[in-house]
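Notes to accompany the following structure.
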Amino acid sequence: MKLWEGRFTQPSAKSADDFNQSLSFDYKLYWHDILASIAHAKMLGETQIITKEESEKISDALVNILADIEKGTLPIEGAEDIHTFVENELTKRIGATGKKLHTARSRNDQVATDMRLYTKDSIVNVCDQIKALITTLLDIANNNVRFIMPGYTHLQKAQPISVAQYVNAYSEMFLRDLERFTDCYKRTDVMPLGSGALAGTDFPIDRRMTASLLSFSEISQNSVDAVSDRDFVAEYIFCCSLLMAHLSRFCEDLIIYSSEEFGFVEIADGYTTGSSIMPQKKNPDIPELVRGKTGRVYGDLTAILTVIKGLPLSYDKDLQEDKEALFDAEDTVLGCLNIFNELLQNLSFDTRKMRNAAAGGFATATDVADYLVQKGMPFRDAHAVTGQIVRYCIENGKTLERLELHVYQSFSTLFEEDILQCVKVGRSVEARKVIGGSARSAVRENIRSITRRLNRMFKE
Ligand code: ARG
């Protein structure tokens, strides 16, 4: 039965019903919908809008409906949406009393409430998984403080860095994601229930009581806005999008670093696939898929932003489109975080290859320039002289580490014996003791700082 049939003389077309329905996806809200209804029923009883007995009868029946859904004995089907389904079932079970549940409520404030409850829980789940990921990264960082790899800019070897420093860079990104989700939570944690269809309600309801039963920190202050506001959905999907961007960048690195040409990391067999035609292949499908799924989540963000844009106040049915975007972004992000964390736990590093690659090119050229600066040469001149030395090396098949002292001195008389130490990658990494730099002490401090910020975030 529909909740709005009274006014109509003709039944709705089957095709229109199929098009209009949302039950095929909003069934996911059943838990939060029933929870919100129990709180609403309790409040209606406390405020004597319905009797205490009616309120209890409704609550008890709702608890049973929830239990039956969870058990799998009550299939969610045969209604326009989850709100209709629950109310129909309630009326089926307790008759006329069930019909009183919707007093002082509209599906407009109801669905907005359900969505906020759902999103709040989802944020907590996503944050737990981000925390697990950062914990894995901290483990990896702790084991790799003393190992060196080439750091890149423009994907060209730039300066040697510590492997742990590289891994920490991703922890920093994921920490920002955690902060963003936590911030999004605050704006999601506002209860619209009591806004009615759009204008509020003339019943003497107690919105604060319902909010406290549902653990909402605040209640909305404008009913017109409250029923049409889906900013929190857009914000949540944006947080997901940026998180996916970070995962995608990491995946791209791993795909490059696991190639035969680099060989810095090896993805465990269990997380790679072979080729149906080329027997030698070990393909990084998992990171490729995570990278690919990033596009999906961006699509979800575009979808919700476009739905909101140009919507006349207040509620419009377009808003039903908020759900699939949110659910899809959520499923994608949770799936990616989970598999990516496993993949990282089973990733091995070829630290010898990384070190050799760091030593091979001209990654310590900046150190040569800095050396000359310390001996009194202005940086611009030092940069030019070093450029000439690098060119000499390229033309003569040398590296900075293998160049003899007298050759250095032919470029500048400022060079002394200690330049030969200065161009070693180990010294170069250790020299950058600045906060955030590559030296072991700085990297260890970075690990401590990440740990501190992570713990602080989960204390609040
Ligand atoms: N299924 C609808 C949605 O998801 C519920 C609200 C319906 N409200 C209405 N005025 N038709 O938005």
Side-chain angles (χ1 to χ4, degrees), residues 1-8 10-37 39-40 62 69 76-91 99 101-122 188 190-201 210 214 220 222-234 236-237 300 303-331:
M1 202 192 75
K2 299 198 179 68
L3 302 175
W4 38 265
E5 273 170 346
R7 184 219 178 282
F8 294 83
Q10 301 281 320
S12 54
K14 161 103 176 51
S15 52
D17 281 348
D18 289 347
F19 190 73
N20 199 35
Q21 68 81 31
S22 53
L23 190 66
S24 59
F25 46 88
D26 70 11
Y27 71 89
K28 274 195 170 219
L29 295 173
Y30 75 86
W31 202 85
H32 299 93
D33 188 73
I34 294 176
L35 201 73
S37 285
H40 182 66
L62 286 170
I69 294 174
I76 302 178
E77 59 194 19
E80 179 185 329
D81 56 24
I82 187 63
H83 327 293
T84 311
F85 173 82
V86 172
E87 198 178 314
N88 285 351
E89 186 60 30
L90 183 68
T91 309
K99 297 182 184 171
L101 170 64
H102 213 52
T103 313
R105 188 176 77 171
S106 152
R107 274 187 300 164
N108 296 354
D109 58 350
Q110 185 182 0
V111 71
T113 304
D114 293 0
M115 284 296 280
R116 283 176 183 269
L117 286 171
Y118 185 95
T119 305
K120 277 172 44 169
D121 280 352
S122 177
T188 308
V190 181
M191 188 193 73
L193 202 61
S195 301
L198 81 160
T201 175
T210 324
L214 290 172
S220 60
N222 181 306
S223 59
V224 180
D225 174 50
V227 294
S228 74
D229 173 19
R230 295 295 184 277
D231 291 0
F232 67 99
V233 178
Y236 170 89
I237 304 178
D300 296 326
I304 185 65
L305 288 174
T306 313
V307 164
I308 293 170
K309 169 192 170 298
L311 265 196
L313 273 176
S314 58
Y315 175 86
D316 301 273
K317 194 60 176 264
D318 316 43
L319 289 173
Q320 183 166 284
E321 291 291 314
D322 63 350
K323 287 166 202 69
E324 282 167 297
L326 183 117
F327 297 153
D328 185 67
E330 179 193 36
D331 287 347

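Here, residue 1 is the first one in the sequence, and each next residue gets the next number. All figures in this text were calculated on a predicted structure; none of them were measured in a lab. Remember, it's 1-based here, ligands and their atoms both numbered in the order they're listed.
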For atom 8 (N) of ligand 1, closest protein heavy-atom neighbour: N108 OD1, 3.0 Å
Flag for N88-T91: side-chain donor and acceptor within less than 3.5 Å: no
Atom 5 (C) of ligand 1 [closest protein heavy-atom partner, distance rounded to 0.1 Å]: D81 OD2, 3.6 Å
Short N or O distance, R230 and ligand 1, threshold 3.5 Å exclusive: no
R107 and E80 ion-paired at < 4.0 Å: yes
K323 contact mode with ligand 1 (heavy-atom cut-off under 4.0 Å): side chain
Point-to-point distance, once rounded to the nearest 0.5 Å, from CD1 of I82 to CG of D33: 6.0 Å
Residue that, paired with H32, satisfies side chain to side chain donor-acceptor pair (under 3.5 Å) out of D121, T113, T119: D121
Test item: side-chain donor near acceptor, Y236 and S122, under 3.5 Å: yes
Ion pair D114/K323, N-O distance below 4.0 Å: no
S22: numbered ligand 1 atoms lying under 4.0 Å from its heavy atoms: 1 (N)
Atom 1 (N) of ligand 1 - nearest protein heavy atom and its distance: Q320 OE1, 2.8 Å
Protein heavy-atom partner closest to atom 11 (N) of ligand 1 - residue, atom, separation in Å: R107 NH2, 3.8 Å
Shortest protein heavy-atom distance from atom 7 (C) of ligand 1, along with the residue and atom involved: Y315 OH, 3.6 Å
